[in-house]
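Presented below is the structure to which this report refers.
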Amino acid sequence: MTLDHCKLLGRSGLRVSPLSLGAMTFGSDWGWAADGAEAHRIFDLYVDRGGNFVDASVNYTDGRAERLLGTFIGDKRERIVLATKFMMAREPGNPNSGGNHRLNMVRSVEQSLTQLGTDRIDLLYLHAWDMTTRPDEVMRALDDLVRSGKVLYLGNCNTPAWRVAQMQTLADIRSWSPFVALQIEYSLVERTVEHELLSAAAALDLGVLPWSPLGGGVLTGKYYLADVEDSKEATVSASRKGVIASSGHLNQRAIEIADEVRAVAEEANSTPSRVALAWTLANPAVVSPIIGARTLAQAEDDLGALDLVLTLEQLDRLNPISAPGPVFPGRFTQRPLVQQLIFGGAAVQRRD
């Protein structure tokens with residue numbers, strides 16, 4: 001597979017590369033990402049290989065990421081599907097500088113357009129559910145942005161499956177612009193989304209775009225049990241390890257999964273990063289995992305995942321060690337007694 005082997009994004013006709021380039025690692029303002037020159041080299045590598053899907057947010061590296069992207073894209077604008085997000089607070093002390101409400105949505109979009117130096121956002125995500133704004137306010141305001149031409153397509157990130165379904169249904173009933181994409185954390189160390197969100201995406205015809213497919217870096221194999229750490233810091237750490245620790249992924253179970261990824265990589269004459277990405281790409285629900293490289297070498301390594309196809313035996317080694325535990329009601333309804341009560345012992349074709 002190559003970067004120009006495009007896939008359709010959810011229910012839309014939009015054609016996107018099978019790996020997306022994430023820009024959260026663009027700009028050294030947070031202390032651990034790529035400086036402007038290295039970020040430019042990473043961007044050029046991705047585009048020169050045929051990539052067309054770039055992912056940002058209004059607040060990544062305090063806006064620096066979008067400003068860099070705006071200069072990198074230049075006359076390539078019509079080749080790039082440019083995605084960004086709104087929700088995160090941008091002004092400390094100002095409660096309306098964050099959230100899903102119309103005021104912040106419009107201000108964020110205007111700021112992103114300025115930072116990116118463009119007249120439109122191809123795909124705008126709600127970055128996370130804020131637990132305060134009514135769904136009808138969000139969906140109507142998003143529809144207004146699409147009708148204005150400032151935004152073309154809509155996506156959702158980091159929102160409970162039931163809320164995504166509610167918002168999508170509301171848009172369909174009222175003929176407002178629907179979501180076409182669902183961006184969620186998904187990797188060998190974060191598979192709980194398989195319980196609800198992946199099924200919701202399939203039912204609602206949303207293209208799945210996993211963020212942090214390398215588990216924040218844990219799956220690259222550079223951390224060991226001695227590195228296990230749990231951070232409760234509320235601010236963005238100045239070190240990449242600190243960021244991973246604050247995400248909760250620098251734990252013993254994740255290290256054990258990473259050890260198996262490393263073993264499979266050695267067997268496949270590949271690298272842990274490529275194995276972790278290839279595992280994510282093997283899921284038919286996945287459209288385009290988002291890679292976030294800090295160096296050109298990391299970007300080269302990640303892109304190599306497109307050439308790796310894991311064997312069934314290798315998948316059978318990775319899947320059990322990383323499988324999430326069952327949750328209700330699936331934990332209950334899959335018990336033999338309950339299956340007997342539901343189907344009376346008959347063999348009945350199931351729906352996904």
Side-chain angles (χ1 to χ4, degrees), residues 16-17 19-49 51-94 96-99 103-128 145 148-155 157 181 183 209 211-212 235-240 243 288 290-296 298-299 302:
V16 298
S17 294
L19 285 176
S20 306
L21 180 63
M24 194 174 79
T25 51
F26 285 8
S28 54
D29 301 60
W30 287 351
W32 44 262
D35 62 24
E38 188 73 351
H40 202 166
R41 286 189 284 269
I42 293 168
F43 175 86
D44 286 344
L45 171 70
Y46 176 78
V47 173
D48 290 346
R49 295 278 181 89
N52 76 342
F53 200 11
V54 182
D55 181 85
S57 173
V58 66
N59 67 309
Y60 283 167
T61 54
D62 298 329
R64 176 71 169 162
E66 285 193 336
R67 289 192 292 272
L68 286 171
L69 274 179
T71 63
F72 299 165
I73 290 173
D75 61 5
K76 301 182 183 72
R77 179 65 185 92
E78 296 309 314
R79 294 177 52 193
I80 302 298
V81 176
L82 188 54
T84 195
K85 313 177 192 74
F86 83 96
M87 197 285 283
M88 303 299 183
R90 303 177 317 287
E91 303 171 31
N94 179 0
N96 283 316
S97 73
L103 177 60
N104 181 54
M105 184 190 303
V106 172
R107 285 178 171 176
S108 294
V109 166
E110 295 291 351
Q111 184 171 333
S112 282
L113 290 172
T114 298
Q115 291 177 170
L116 290 164
T118 187
D119 62 351
R120 73 176 191 275
I121 294 165
D122 298 325
L123 174 63
L124 178 68
Y125 289 102
L126 180 152
H127 206 157
L145 284 172
S148 75
K150 294 179 179 179
V151 172
L152 302 187
Y153 294 97
L154 303 174
C157 306
Q183 191 176 133
L209 305 154
W211 61 265
S212 200
T235 57
V236 179
S237 174
S239 73
R240 189 59 179 160
V243 172
S288 183
I290 300 165
I291 58 173
R294 292 181 294 118
T295 67
L296 188 66
Q298 288 177 351
D302 290 347

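Being a predicted model, the structure only gives us computed values, none of them experimental.
- Among residues at least two apart or in separate chains, salt bridge (charged side-chain N to carboxylate O under 4.0 Å, His left out) pairs with a member in residues 38-48 are Glu38-Arg41.
- With sequence neighbours left out, the side chain to side chain donor-acceptor pair (under 3.5 Å) criterion links Asp62 to Trp30.
- Contacts of Tyr60 classified as side chain to side chain donor-acceptor pair (under 3.5 Å), with partners at least two apart in sequence or in another chain: Lys85.
- Applying the side chain to side chain donor-acceptor pair (under 3.5 Å) rule to Asp122 yields the partners Arg77, Arg120; only residues at least two apart in sequence or on another chain are considered.
- Using bins of under 30°, 30° to 60° and over 60° for the plane-to-plane angle, the ring pair Phe43/Phe72 lands in the tilted bin.
- Every residue was checked against the salt bridge (Lys or Arg N to Asp or Glu O under 4.0 Å) condition with Asp302, not counting sequence neighbours, and none meets it.
- Two residues are said to be in side-chain contact when any heavy atoms from C-beta on lie closer than 4.5 Å; Val81 and Val54 fail this criterion.
- By the side-chain contact (heavy atoms from CB on, under 4.5 Å) test, Arg49 is found to be paired with Leu3, Leu45, Glu300, Leu303, residues two or more places apart in sequence or in another chain being considered.
- For Asn59, the side-chain contact (heavy atoms from CB on, under 4.5 Å) test picks out Ser57, Met88, His127, with sequence neighbours left out.
- Residues satisfying the side chain to side chain donor-acceptor pair (under 3.5 Å) test with Asn94, not counting sequence neighbours, are Glu91.
- For Tyr46, there are no ring pair (Phe, Tyr, Trp, His ring centres under 6.0 Å) partners at least two apart in sequence or on another chain.
- In this structure Arg90 satisfies the side-chain contact (heavy atoms from CB on, under 4.5 Å) test together with Val58, Asn104, Arg107, Ser108, Gln111, sequence neighbours excluded.
- The shortest distance between side-chain heavy atoms of Arg294 and Trp32 falls below 4.5 Å.
- In this structure Ala89 satisfies the side-chain contact (heavy atoms from CB on, under 4.5 Å) test together with Ser97, sequence neighbours excluded.
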